[in-house]
2 protein chains.
Amino acid sequence: MKASNKAKHRTDMISAALRSAILERVLMPGMKLPEDSLGERFGVSRTLIRQSLERLAAEGLIELRRNKGAMVAKPSLEEARDLFELRTQIEDLVISRVIKNMTPDIITELEAHLAKEVEAEHAAEPKSIRLATEFHILLAKLAGSPVLLRYVEEIGYRCGLTLSLYARPHSTDCGIAEHRQIIEALAKGDADTARDLMRHHLNAVADRALFTSDEGGPLLYLDALEPYAKKVRDGGA
Amino acid sequence: MKASNKAKHRTDMISAALRSAILERVLMPGMKLPEDSLGERFGVSRTLIRQSLERLAAEGLIELRRNKGAMVAKPSLEEARDLFELRTQIEDLVISRVIKNMTPDIITELEAHLAKEVEAEHAAEPKSIRLATEFHILLAKLAGSPVLLRYVEEIGYRCGLTLSLYARPHSTDCGIAEHRQIIEALAKGDADTARDLMRHHLNAVADRALFTSDEGGPLLYLDALEPYAKKVRDGGA
DNA sequence: GTATAATTGATTGCATACAATTTCGCCACC
DNA sequence: GGTGGCGAAATTGTATGCAATCAATTATAC
């Protein structure tokens, strides 16, 4: 990897690593993210960390408070609900677009991803969550719209963060069957059904999740970030 | 204004100034934004400029290319269309929420804003565009959802940017009557009509606008940025 | 013992410096 | 006139340094 590509990737890689860590619940809502510690962990100066944190703040995954540093965001219950509601609106568009652009390859890719989800069904919950989120991101990619992809991705991660805060244990377990049903409707070119199923799926995830608000405190266990940071330091993806 | 508040505002103020300058077509698509020049103009070091640019890049208003600096984004025609389509989905939610939260003050505020739009009808186009965009942002504020507000604002500015690139002159002129109709439907509590009108309004703006692609080149006239930068340097809003 | 003030260490905000990269201007050659 | 090469200037990427602020600990007063 050329030096220029490596350097280009570093801030992006740090941001991506932190996004994944948040989605997979290594970094929990309210957790503080000290610049120095992150810099040491990732092997860069505070400059790149600050850049990365600015990006994540813009995406709503963290909060920056003047003189108080960065913290993983703690969305309110209302915000959580609004995110899911907004997400259903956007996924409507995604479904319509995917069906419009339908090719056999699309179904193949979705089924391959579903197989990964099935395989991970009894793995640790963070992996299931990541794959479930990635299903939606893949779908948005297949929609062929960079605009839709950007918002599906951002809101997908933000919804994942709300689930960290408000989900009951294993409350995301039934998603695989719902993903399968969506794929089947897509394969039939049945846009209405696919949209209904997607809407139902997202509402179900939200309904199953947002019943309790068992909030975590401002904890700081950056050691768990090591696998993510190591990949960045090593220049990997 | 205390020093801490001033410093807190500076990056935010720079970002806001640049957003406004983009919306009001002082900064056009493709225009380069050199850090040093912006820093001099705003009276800060490159540090704050880079922070601000990172934020605007996350919002899709500018593009950052490694080793090539920042440039006002040039959305493709497809991206423009997708942004408007996405916007209709989100505004549906906004309308529903506003009606759900309806108070007489809401209509009063909207009508006051409409009066400003009427007053500016024959002013310079940038002002009309700003007020038209702010109508939607006000509506989203009145929806009472920080989540919806964030996305309405971001996508509103991005749509404004696409209009800079693709709008025919005065093609946004008929918006006032449409805004008025929306307000009337809201006042009646007629959610379906209000949503239809909003959808029609946004589709009309997009249809009127996206017929030509008269693209501008990579120009650099930072002098026009002076009023925006001066306000930031002086610590104003 | 409790509350408050002072001190100390940690962290953040942001300018500056330096290396790397890109851009521009000039010159030579075809 | 057009193209390519070279060097200088401009710009970007990013670390470092220093002042300001905050958080935690210690000292003091009641």
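Because the structure is predicted, anything quoted here is derived from the model rather than measured. Here is the naming used below: chain letters follow the sequence lines, and residue numbers restart at 1 for every chain.
Atom CZ of B/F42 and atom C1' of C/dC14 are 17 Å apart (whole Å). Distance CD1 (A/I49) to P (C/dG13): 14 Å, rounded to an integer number of Å. Counting to the nearest Å, the C1' atom of D/dT12 and the CD atom of A/Q51 are 11 Å from each other. Here the P atom of nucleotide C/dA10 and the CG atom of A/L38 are 17 Å apart, to the nearest Å. Atom CD1 of B/I14 is separated from atom C1' of C/dG13 by 13 Å (rounded to the nearest Å). Atom P of nucleotide D/dA20 and atom CG of A/N67 are separated by 12 Å, given to the nearest angstrom. Between B/E54 atom CD and D/dG13 atom P the separation is 10 Å, expressed in whole Å. Rounded to a whole Å, the CG atom of B/D36 is 16 Å from the P atom of D/dA9.
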- I would like to know whether B/H136 and B/E91 meet side chain to side chain donor-acceptor pair (under 3.5 Å); could you show each step before the answer? CA-CA 8 Å; B/H136 292 275; B/E91 296 273 9; 3.0 Å; yes
- Task: Might you work through the side chain to side chain donor-acceptor pair (under 3.5 Å) test for A/Y151 and B/Q89, ending with a clear yes or no?
- Result: CA-CA 12 Å; A/Y151 287 102; B/Q89 295 292 96; over 6 Å; no
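Along DNA chain D, the nucleotide nearest A/V44 and the nucleotide nearest B/A70 are compared for position; the residue whose nucleotide lies closer to the 5' end is B/A70.
When each of C/dC14, C/dG13, D/dT14 is scored by its nearest atom to the side-chain atoms of A/E35, the top-ranked nucleotide is C/dG13.
Residue B/K32 places none of its side-chain N or O atoms closer than 4.0 Å to OP1 or OP2 of C/dT23. Look at A/R50 and you'll find a side-chain N or O under 4.0 angstrom from OP1 or OP2 of C/dG13. Taking side-chain N and O atoms only, A/R66 has a distance below 4.0 Å to OP1 or OP2 of C/dC14. One finds no side-chain N or O of A/K68 lying less than 4.0 angstrom from the OP1 or OP2 phosphate oxygen of C/dG13.
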May I have the list of side-chain donor-acceptor pairs in residues 13-22 of chain B shorter than 3.5 Å, sequence neighbours left out?
residue, atom, partner, partner atom, Å
B/S15, OG, B/T11, O, 3.0
B/S15, OG, B/S52, OG, 2.9
B/R19, NE, B/E59, OE1, 2.7
B/R19, NH2, B/E59, OE1, 3.4
B/R19, NH2, B/E59, OE2, 2.8
B/S20, OG, B/A16, O, 3.2

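Closest non-hydrogen pair, B/L64 versus B/A70, comes out as CD2-CB, 3.5 Å.
Side-chain atoms of B/E35 never come within 3.5 Å of backbone atoms of B/R46 as a donor-acceptor pair (strictly under, hydrogens ignored). No donor-acceptor distance shorter than 3.5 angstrom exists from the side chain of A/S37 to the backbone of A/L33, with no hydrogens or angles considered.
A/R46 contributes a side-chain N or O that forms a donor-acceptor pair with the base of C/dG13 under 3.5 Å.
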- Output field dot_bracket for DNA chain C (Watson-Crick or G-U, both distances under 3.5 Å, | for other-strand pairs) contains ||||||||||||||||||||||||||||||
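Shown here are the side-chain hydrogen bond (donor to acceptor under 3.5 Å, both in side chains) partners of B/T133, two or more places apart in sequence or in another chain: there are none.
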